[in-house]
Amino acid sequence: MKMRHGLLVLFGIAFLLASGCGSSGGGSGRYIVPGEIPNSGSNGTDTGTGTGGETNPDSLILSAWDDFKYGAFSSAIGKFNQVLVMTNLTQSQKADAYNGLGWSQAKSTGMESGFSSFSQAADTNAESQVGLASSLIQRGQKSGFSQAVTLLEKVGLTSTSYRFTSTHPIGVTNAEAHAMLAFAYFWRNQSGDQDRARAQISVAHQEDGSADGVVSQIYGTLKAMGLTGI
C-alpha cells in the first residue's frame, strides 16, 4: 500500500514537471499557436511547422527551443525531428536535438513519452539525464529507481551543495532535482540510502519551502512513508 501511494504521488509529480507547473516555471502550459511565436524560424517567415526551409542545424535547434519556450511543443517536436534526419550532424548537435525532442514530448504528453529521446542524449547531456531519471521513477520499478539514482548522481547531485542549472527552460529547479534524488534513494533502499534521502530532501526543502509543487509533494510523501528526521 505504501508503494502504491508513493507512486501515485510520483505520477502527479511527473505531470507537474511535464506541464511546467513546478516552481521553476517552464511555460504557462497554454499551447501557443505558431502565429503567436515571435520570429519563429531563422528569417521570421517560418510558420512554426518546422518546414520553413531552414537547413542549418544550429539555427533550427535554436528555433525549436524558441517554440518550446512559448509552449508550441508540436512545432518544436517537428523541428527537432527535422534536425535529426540531417546528415553530418556533430554529436553535440544530436544530443541537443534529442534532448529538446525528449522534453518537448514530455511537455506534450507526459514524462515517459520522452524516454527514448532522453536515452539517446543521456550519456553527455545533464538535462536528458534528469528527464530520463524522472521517466524511470514514473515507471515505479525497483531497477528503475537504481538507474535514476545513477543518472542523477552523474549530473552531480550526490553533493547536497551541487546546484543543478538547466540551459533550456525545461521547468526543473535545483531543489526539485535534489528532491527527485531523495525519492529515488528512498525507494532503492540500499544500505545508507535512508540517510542519503534525508540529506537530499532536507536541502531541497530548505531551498523550496513552498506549500505546493514538486518539492512539497515529495517531502510530504517521504515523511508519510516513514522517513524520519525531516
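For clarity, every value in this text was computed on a predicted model and none was experimentally measured.
Of all heavy-atom pairs between S191 and R196, the closest is O-NH1, 3.0 Å. Contact detail for S210 and S216: the closest heavy-atom pair is O-CB, 3.4 Å. Taking all atoms of both residues into account, the shortest heavy-atom contact from G114 to Q105 is CA-OE1, 3.6 Å. Taking each heavy atom of D208 and A175 in turn, the nearest pair found is CB-CB, 3.8 Å. Between A148 and A133, the shortest heavy-atom contact is CB-O, 3.8 Å. A97 approaches V83 most closely through the heavy-atom pair CB-CG1, 3.9 Å.
Put simply, the side chain of Q93 gets close to the backbone of T90: a donor and an acceptor are under 3.5 Å apart. The backbone N or O of S104 sits nowhere less than 3.5 Å from a side-chain atom of S108 that would complete a donor-acceptor pair. Side chain of K107 to main chain of A72: no donor-acceptor pair is present (N/O by atom type, distance under 3.5 Å, no hydrogens or angles). A donor-acceptor contact shorter than 3.5 Å links the side chain of S113 to the backbone of G110. A donor-acceptor pair under 3.5 Å is absent between the side-chain atoms of S134 and the main chain of V130, judged by distance alone. Of the possible polar contacts, none joining the S128 side chain to the A122 backbone as a donor-acceptor pair under 3.5 Å is found. The main-chain N or O of L84 is never found under 3.5 Å from a side-chain atom of K94 such that the two would form a donor-acceptor pair.
Screening residues 160-170 for side chain to side chain donor-acceptor pair (under 3.5 Å) gives W65-H168, E127-H168, S159-S161, R163-E207 as the qualifying pairs, with residues at least two apart or on separate chains.
Between H205 and Y219, the ring planes are parallel. Angles under 30° get that label, and only those over 60° would be called perpendicular.
For Y185, the side chain to side chain donor-acceptor pair (under 3.5 Å) partners are E153, not counting sequence neighbours. Annotation: side chain to side chain donor-acceptor pair (under 3.5 Å) contacts of N81 (sequence neighbours excluded): none.
Looking at heavy atoms from C-beta onward, Q129 lies out of side-chain contact with L152 at the 4.5 angstrom threshold. For the pair Q91 and T124, the minimum side-chain heavy-atom distance is 4.5 Å or more. The closest side-chain heavy-atom distance from F186 to D193 is not below 4.5 Å. Two residues are said to be in side-chain contact when any heavy atoms from C-beta on lie closer than 4.5 Å; L227 and Q194 meet this criterion. In this structure, the side chains of W187 and M225 come closer than 4.5 Å at one or more pairs of heavy atoms. Looking at heavy atoms from C-beta onward, W103 lies in side-chain contact with V172 at the 4.5 angstrom threshold. Between L151 and L136 there is a side-chain heavy-atom pair separated by less than 4.5 Å. Put simply, the side chain of Q147 does not reach to within 4.5 Å of the side chain of T150, judged on heavy atoms.
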Quiz item: Checking side-chain contact (heavy atoms from CB on, under 4.5 Å) for the pair L60/M86: CA distance, chi angles, key distance, verdict?
Solution: CA-CA 11 Å; L60 193 53; M86 291 179 175; 3.7 Å; yes
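Under a hydrophobic-cluster definition in which Ile, Leu, Val, Met, Phe, Trp and Tyr are linked whenever side-chain heavy atoms come within less than 4.5 Å, directly or via other members, F164 and V203 are assigned to different clusters.
Cation-pi check for R139 over F115 is met; the charged atom lies under 6.0 angstrom from the ring centroid and within 45 degrees of its normal.
Here the CG-CG distance, from N174 to L157, works out to 7.0 Å after rounding to the nearest 0.5 Å. Here CG of L62 is found 8.5 Å from CG of N56. Values are rounded to the nearest 0.5 Å. With rounding to the nearest 0.5 Å, the separation of CZ in F145 from CG in N189 is 11.0 Å. The structure places NZ of K79 at 11.0 Å from OG of S59, a figure rounded to the nearest 0.5 Å. In this structure, the separation between CD on Q120 and CG on L101 is 10.0 Å, given to the nearest 0.5 Å. The line from CG of L222 to CD1 of I201 is 5.5 Å long, rounded to the nearest 0.5 Å.
In this structure, Y98 has its ring center at least 6.0 angstrom away from the ring center of F118.
Here the rule is side-chain contact (heavy atoms from CB on, under 4.5 Å) with L132, and of S116, S117, S119 only S119 fits it.
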